[in-house]
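Written out below as structure tokens is the structure these notes cover.
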2 protein chains.
Amino acid sequence: MGNKTWTKTADSRSAQREIKRRAVLMAGARLFNDQGYEQTSLEDIAAALNITKRTIYYYVQSKEDILFGCQQLSLEFLADVMESSRDDSLPVEERISRLVRGYCEWVSTDLGASLAMVRPHSLSPERREALHEGKAQFDFQLRALIEQGIREGVIRHCDPRLVAAAVFGALNWIPFWNRTARPVPHEEIAEQYLAMILNGLLPSPKLQGDRAD
Amino acid sequence: MGNKTWTKTADSRSAQREIKRRAVLMAGARLFNDQGYEQTSLEDIAAALNITKRTIYYYVQSKEDILFGCQQLSLEFLADVMESSRDDSLPVEERISRLVRGYCEWVSTDLGASLAMVRPHSLSPERREALHEGKAQFDFQLRALIEQGIREGVIRHCDPRLVAAAVFGALNWIPFWNRTARPVPHEEIAEQYLAMILNGLLPSPKLQGDRAD
DNA sequence: TCGAAATTACACTTGTGGGTTACATTCGGT
DNA sequence: ACCGAATGTAACCCACAAGTGTAATTTCGA
């Protein structure tokens, strides 16, 4: 508010602070993903960062804050992904591809994986609801694209709800099997998955010609 | 061994016992799925069954036994499913369909869902390994079918490992979204998923004719 | 160099739940 | 009526982790 020439000082401090806060979130996310939220103690997180438990409390109010922070960051990232697929002038398949690639990339990170791997029990109802809302928006976007594709005749008739569920299932499951020493690169996964998905959504060649509109 | 006419008594006893043991496992599975394994106390399970904690210990040795029992039962069921898809005389798509339908059906039950929803941390390394083995067999079977399909030319070229991962992801995710008051019937899910999967595996119509062998 | 921010050391409260056991009681088949 | 299986009551131990208070100490920007 009142700062002038020196873009350092208080800024530098709070920037540092934010960076460190993220470090706490990321360390938390990694451990939550590996061992589960409840099985991870703040001491574990502290040890991973070579700091003390007390210091963690300098950056967050509670353990729950860490989890919530992770998932909140995740949703912010996903909001960007959604934004990049909102361009009406692109063909539907391209817009779907962007959603899938973006989600696939993000879910391959510690923070992103926490969105899929950590069950929401542990959060307070309000926070759970807030996050659910964010996920639902992403879901809706994919469904809407599928519906549009069906209307345009470039996607076969199907239940968009179930197809979207299948796609998210495939994507959300990635961190459960791909967190190894040498993981499959997310680009590779995205390509294979997209081949499956886009092919799977094509109007059936056998029934080429059955259209409803 | 020494029993004759009276197929009751001891038999009836142990049969009853097994039934009740299953009741414990099922109640456990339901609660584990809902609240997580670690968040579920034996008191919770006892309350769900209207019995006391002490009685549970009459049927199982430990809490871990309950979880392991659930997943063991699950794998036994899945072994049957695999058996039903092992018939060489059937076309590959039919064999894949049987796997998917069977898995979809089973994962829609409490016991089956526990296989997908409960993380393996909580089990001892030996038991974890045993279960992992069982899951891996199912995975291999699907991969093998995909590979065979590719060889036969009825499935397009793809990475069977990643395709199988996508399929299992879609299936394993079902209990995460479909445990509601009025769930989507598993037959419906299986049909929609199979349409996606089988369509998605078809040799691409655009590139009709690119074969490698 | 000064002062505030960042970090540590450490002790302490508090609560919880799983495993276990001893003893009492009810139930069901023969 | 008897005996063992099935179940209940109740209490104990113990480890562990969230979170807090406080004082001391270090780091770092101005």
Side-chain angles (χ1 to χ4, degrees), chain A residues 2-25 27-28 31-32 34-69 118 121-124 127, chain B residues 2-25 27-28 31-32 34-69 118 121-124 127:
Chain A
N3 51 3
K4 302 189 157 189
T5 46
W6 34 267
T7 351
K8 265 301 188 66
T9 60
D11 263 7
S12 167
R13 276 265 160 83
S14 72
Q16 275 298 309
R17 194 186 167 98
E18 185 53 25
I19 287 174
K20 291 182 184 173
R21 200 183 103 97
R22 298 235 174 160
V24 170
L25 298 189
L31 288 165
F32 294 161
D34 285 347
Q35 324 174 340
Y37 173 77
E38 326 280 344
Q39 284 63 58
T40 302
S41 74
L42 287 176
E43 306 271 16
D44 290 339
I45 301 177
L49 292 166
N50 275 313
I51 61 178
T52 64
K53 180 171 69 161
R54 199 71 184 75
T55 303
I56 290 184
Y57 277 101
Y58 187 71
Y59 291 99
V60 300
Q61 318 290 307
S62 68
K63 188 181 173 184
E64 198 191 303
D65 270 11
I66 301 178
L67 179 55
F68 185 67
V118 183
H121 317 123
S122 324
L123 294 167
S124 73
R127 294 181 146 182
Chain B
N3 51 3
K4 304 187 156 193
T5 46
W6 36 269
T7 350
K8 266 298 188 69
T9 59
D11 262 8
S12 167
R13 275 266 161 80
S14 71
Q16 275 299 310
R17 193 185 166 100
E18 185 53 26
I19 287 174
K20 291 183 184 172
R21 201 183 103 96
R22 298 238 174 159
V24 170
L25 298 189
L31 287 166
F32 294 161
D34 284 347
Q35 325 175 341
Y37 174 77
E38 326 280 344
Q39 284 63 59
T40 302
S41 73
L42 288 177
E43 307 271 15
D44 290 339
I45 301 177
L49 292 166
N50 275 314
I51 59 178
T52 65
K53 184 167 68 158
R54 180 65 184 79
T55 302
I56 290 183
Y57 274 103
Y58 186 71
Y59 292 99
V60 299
Q61 254 74 70
S62 67
K63 187 181 174 185
E64 200 192 300
D65 271 11
I66 300 179
L67 179 54
F68 185 67
V118 182
H121 314 125
S122 325
L123 294 167
S124 73
R127 294 180 148 182

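The basis for the numbers below is simple: all heavy atoms, side chains too, and nothing from hydrogens, waters or symmetry mates.
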Without decimals, in angstroms, what is the distance between [X] [atom1] and [N] [atom2]?
X       : N      : atom1 : atom2 : value
B:Leu42 : D:dG8  : CG    : C1'   : 16 Å
A:Arg21 : C:dA6  : CZ    : C1'   : 17 Å
A:Lys20 : C:dT8  : NZ    : C1'   : 13 Å
B:Ile66 : C:dG19 : CD1   : C1'   : 13 Å
A:Glu64 : D:dA17 : CD    : C1'   : 16 Å
B:Lys63 : C:dG19 : NZ    : P     : 7 Å
A:Asp65 : D:dT20 : CG    : P     : 11 Å
B:Glu43 : C:dT16 : CD    : P     : 13 Å

What is the distance from atom CD of B:Glu18 to atom CZ of B:Arg21, rounded to the nearest 0.5 Å? 5.5 Å

Rounded to the nearest 0.5 Å, what separates atom CD in A:Glu38 from atom CD in B:Gln39? 3.5 Å

Which nucleotide sits closest to the side chain of B:Tyr59: D:dA18, C:dA6, D:dT7? D:dT7

Nearest-nucleotide pick for A:Ser41, side chain only, options being C:dG19, C:dA6, D:dA17: D:dA17

Are the side chain of A:Tyr37 and the backbone N or O of A:Glu64 linked by a donor-acceptor pair below 3.5 Å? yes

Quick check: does any side chain N or O of A:Lys63 sit under 3.5 Å from a backbone N or O of A:Thr40, one acting as donor and the other as acceptor? yes

Could A:Arg22 and A:Tyr59 be counted as a cation-pi pair, given that NZ or CZ must be under 6.0 Å from the ring centre and within 45° of the axis? no

Let me know which of A:Thr55, A:Leu49, A:Asn50 forms a side-chain contact (heavy atoms from CB on, under 4.5 Å) with A:Thr52. A:Thr55

Which parts of residues 50-58 of chain A get close to DNA chain D, meaning a heavy atom less than 4.0 angstrom away? A:Lys53, A:Arg54, A:Tyr57

